[in-house]
There are 2 protein chains.
Amino acid sequence: MTAPLHEARPAGPGRALPDTQQGMRRRNLARVLHAVRAEGPLSRAAVASRIGLTRAAVSTLVDELIRSGLLEELGPERPGRVGRPGSALALSGRGPAGIGAEVGVDHLAVCAVDLRGATRSRAIRQGANRGRSPEPVLAELTELIHRVVTEAEGEGLWPAGLAVAVPGLVARDARTVVRAPNLDWHDTDLGGLLPADLPLTVDNEANFGALAELWLGEGTPRDFLHVSAEIGIGAAVVVDGGLLRGTRGFAGELGHVPVQPDGPECACGGRGCLEQYAGEEAVLRAAGLEPDEDRVGLLAGRAAEGDEDVRRALRDAGTALGVALTGAVNLLDPESVVLGGELSGLAPWLLPSLREELARRTAGPACPVSVSRLGPQGPLLGAAHSVVRAVLDDPATVAERA
Amino acid sequence: MTAPLHEARPAGPGRALPDTQQGMRRRNLARVLHAVRAEGPLSRAAVASRIGLTRAAVSTLVDELIRSGLLEELGPERPGRVGRPGSALALSGRGPAGIGAEVGVDHLAVCAVDLRGATRSRAIRQGANRGRSPEPVLAELTELIHRVVTEAEGEGLWPAGLAVAVPGLVARDARTVVRAPNLDWHDTDLGGLLPADLPLTVDNEANFGALAELWLGEGTPRDFLHVSAEIGIGAAVVVDGGLLRGTRGFAGELGHVPVQPDGPECACGGRGCLEQYAGEEAVLRAAGLEPDEDRVGLLAGRAAEGDEDVRRALRDAGTALGVALTGAVNLLDPESVVLGGELSGLAPWLLPSLREELARRTAGPACPVSVSRLGPQGPLLGAAHSVVRAVLDDPATVAERA
DNA sequence: GCTATTTCGTCATGCCGATTTACAAATTAG
DNA sequence: CTAATTTGTAAATCGGCATGACGAAATAGC
């Protein structure tokens, strides 16, 4: 559980387990849980037919999962058909919980999600974190975590792990923040600064946002591109239901894709990177506004009021995004592109020009672009759910504790 | 075996097998073969320690593989250490063979590769295929295939499958050529036009080239970007040892990544696509040359002679490639970029400006760019080896035949 | 209402595959 | 020449799923 929860190729339940009989057992435990998760309350017989095992085998698997506190027996199903009614099984609402946390530029947030995917407890603290050193910020976060964990425990849950979303690049060890420009953190190992009694995973907030979209979005495909923006512009590439992380964990740096090879210089060393046309600062400047606390809110407000300068700036940003996404779509052939995170609030003014640019540059039908329903909540939910998924993917690891 | 051999997520041996005891057995057979393939002749005990099974279990697996004709017993190892020497096992040189075929713009080629990876037979026919209809071309190809198969059979091999590399987009059914502009083929199902007694897989020659690089290149990582060019410019994205194909199978269209958003119009509908700066036709035009039969040879020849116009054209093409690759590298964070196919012949004149552009636009160390050793042979070898890999990945499917 | 039918969950049994344990064979170390 | 080490195989055991049979709980038909 200390290992990264979702590698580039997680795919099915517990794919990394050894090919031995115990490994098979563990994979089948996971398959039972996933079947119940995906298709609501299910009888043993129904599970058996979905996952291709016999009723007898499923019976023993279910027994073990009930003993571990991961499954619950809801009692006999209401019979509509002929035959003895089955006994409905559901994921437990009193078992392990995933603790998700988010370090935002101007807020901290924590939540607890149970196996069923329901959020059972949450805590938020507003307050600017830009430039503060990691220690006090994470001390505050730890306090919120304790509060949420205590509340969850009051409801019969126990914390199975902690996942933290940060606005920056995270090394593949899933503990070290390589750089988070908005916080001004560099090469910070969060391991020692957070509760040590919980298995910890740290990841980029764009990645967690994409996972939330994958797991919670309606009709989200298994191959898509998730674009989000804070100050930088990040994308997460989801391939066959798993995140593509890249060798160093730096995949998805859409913000530094060149859109005008001889455009203005960028801090990355290049010229004409997307960030200089569609990044928050660039858009504010183009709209003739000063940087402000709640920049996205400001832009959305002005655009809604009909401010032509702001609308033009957002249209131009959408066009630049369209150019960069054309490249990405050509390279990856995703099923769709989803705008998430803070970007989703500005979508009404970005989307038309973005779609137009993408369609213009595509032969045949253009890749559909949609807006995340989750919006700014994505990263926090994705973090909490990643812990839950890890449990569902290998229930054996937590079974002993319960 | 009719299914595509290498899905986006093939990864380890036979990952798609069911989680039942038979599936486990099949996966373990594959693991034995892969261990022997990767580490030369190995004793049963050595295999056991590599793959984490007991000697007894490996013994029964090896027995089965020897009976199937996939493994051979080489006899006792020369003892250097204390203890009874093991009996060396090697992949059979007289078992199944992978038949690879290539439809090029001006040649046809076929080869047979045995389990050990050795090419055991080959046939080539020069001759322009541009504009010829599929039937006569594939009739010729079929004749070459029969010749190669016959020769391979003479050496005790039997054909396990046929993989065909074509210069164009192939649908995910791995049989239909959606469009091959250089041949002027559109929506052609190759299924009926090739020997029906062999399981068939058709794929883009860039994809097969990338797989060849992955399997045969020295020190090739499991995450890289393979760039190749015929008339168009294609890239294959390899993630964790598997090809990323995209939803429709169209991933890797590097040629239509925008590098100058308001550059000249492209046939794809966009403007300033890479193909207009680094495509073969564009480079020839920029160098003031006429299209010719062997275009790459022509360019390489002139550049070697010191023709300044040609060298400048290639330098500029390298720069454009550098811009497009900057975007791709930022998005995917691959471990390296490999120039393959016909491009490798022009590499000496493309690389300097390409590397310079990539480094200039990258903060920190730039992604290393190398040149394929396989060059134009990649696609054919990749095709043949893909059949061999399919056998190694699930030996049970062919065991019955042998 | 009564019986036949259908489906569910479980048990006893059997099979398959890997592990464990034991042992003979083949080599080196002393 | 003996002890130690390693290999390969055979016999017994164990874990895990499949098979087949059975009681339980519902519907369908009379």
Side-chain angles (χ1 to χ4, degrees), chain A residues 13-14 17-32 35-36 41-67 71-90 395-396 399, chain B residues 13-14 17-32 35-36 41-67 71-90 395-396 399:
Chain A
L17 296 174
D19 260 320
T20 160
Q21 297 182 82
Q22 290 92 320
M24 188 170 77
R25 178 79 179 174
R26 286 167 70 176
R27 280 188 295 269
N28 282 334
L29 287 169
R31 295 209 298 160
V32 170
V36 172
L42 242 45
S43 69
R44 289 168 176 76
V47 170
S49 74
R50 320 268 152 168
I51 67 177
L53 296 182
T54 59
R55 298 199 307 270
V58 170
S59 254
T60 71
L61 290 164
V62 165
D63 283 351
E64 188 171 335
L65 291 169
I66 289 180
R67 273 200 311 278
L71 276 186
E72 266 175 22
E73 192 129 29
L74 296 183
E77 288 174 324
R78 295 195 57 73
R81 305 172 306 285
V82 61
R84 170 179 167 179
S87 175
L89 300 167
Chain B
L17 295 173
D19 257 321
T20 162
Q21 298 184 75
Q22 291 93 321
M24 186 171 78
R25 179 81 178 169
R26 286 167 69 175
R27 280 188 295 269
N28 282 334
L29 287 170
R31 293 209 298 159
V32 169
V36 173
L42 241 46
S43 68
R44 290 168 175 77
V47 170
S49 75
R50 307 271 199 269
I51 67 177
L53 296 181
T54 59
R55 298 200 308 271
V58 170
S59 253
T60 71
L61 290 164
V62 165
D63 283 352
E64 188 171 336
L65 290 169
I66 289 179
R67 272 201 310 279
L71 276 187
E72 268 176 20
E73 193 130 28
L74 295 184
E77 288 174 325
R78 293 196 56 75
R81 305 172 305 286
V82 59
R84 167 179 169 179
S87 175
L89 300 167

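Here is how names work: the chains are called A, B, and so on, in the same order as the sequence lines, proteins then strands, and each is numbered from 1.
Computed from coordinates, the B/L29 CG to C/dC16 P distance equals 15 Å when rounded to whole Å. To the nearest angstrom, P of C/dG17 lies 12 Å from CZ of B/R26. One interatomic measurement links the two molecules: CD of A/Q22 to C1' of D/dC17, which rounds to 14 Å at whole-angstrom precision. A/R27 places its CZ atom 11 Å from the P atom of D/dC17, with the value rounded to the nearest Å. When rounded to the nearest whole Å, the span between CG of B/L61 and C1' of D/dT9 equals 14 Å. To the nearest angstrom, P of C/dT19 lies 8 Å from CE of B/M24. The separation between B/L65 atom CG and D/dG8 atom C1' is 16 Å, rounded to whole Å. The interatomic distance linking A/L53 (CG) with D/dT19 (P) rounds to 11 Å, in whole Å.
For D/dC17, neither phosphate oxygen OP1 nor OP2 lies less than 4.0 angstrom from any side-chain nitrogen or oxygen of B/T20. Neither OP1 nor OP2 of C/dT7 sits under 4.0 Å from any side-chain N or O of A/R44. Look at A/N28 and you won't find any side-chain N or O under 4.0 angstrom from OP1 or OP2 of D/dG16.
A residue-by-residue look at B/V58 and A/S43 shows that A/S43 has its nearest nucleotide of DNA chain C further toward the 5' end. Remark on DNA chain D: of its neighbouring residues B/E73 and A/T54, the 5'-side contact belongs to B/E73, judged by nearest-heavy-atom nucleotide.
Considering only heavy atoms from C-beta on, B/V62 comes within 4.5 Å of B/L89 through its side chain.
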Base versus backbone protein contacts along nucleotides 22-30 of chain C [heavy-atom cut-off under 4.0 Å; B, S, -]: --BBBBB--
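Between atom CZ of residue B/R26 and atom CZ of residue B/R31 there is a gap of 15.5 Å, rounded to the nearest 0.5 Å. Expressed to the nearest 0.5 Å, how far CD of A/Q21 lies from CD of B/Q21 amounts to 6.0 Å. Distance check: B/S59 OG to B/E64 CD gives 12.5 Å after rounding to the nearest 0.5 Å.
Counting only heavy atoms from C-beta on, B/A45 has its side chain closest to D/dT7 among D/dC17, C/dT19, D/dT7. Comparing C/dT19, C/dG17, D/dA18 against the side chain of B/Q21 picks out C/dG17 as the nearest.
A donor-acceptor pair shorter than 3.5 Å cannot be found between the side chains of B/R25 and B/N28.
Under the rule for a salt bridge (Lys or Arg N to Asp or Glu O under 4.0 Å), A/R55 has no partner lying at least two apart in sequence or in another chain.
Applying side chain to side chain contact (heavy atoms under 4.5 Å, CB included) to A/R44 and the options A/V32, A/L61, A/D63 leaves one that passes, A/D63.
Among the protein residues, A/A56 comes within range of the nucleic acid bases, having at least one heavy atom under 4.0 Å from a base atom.
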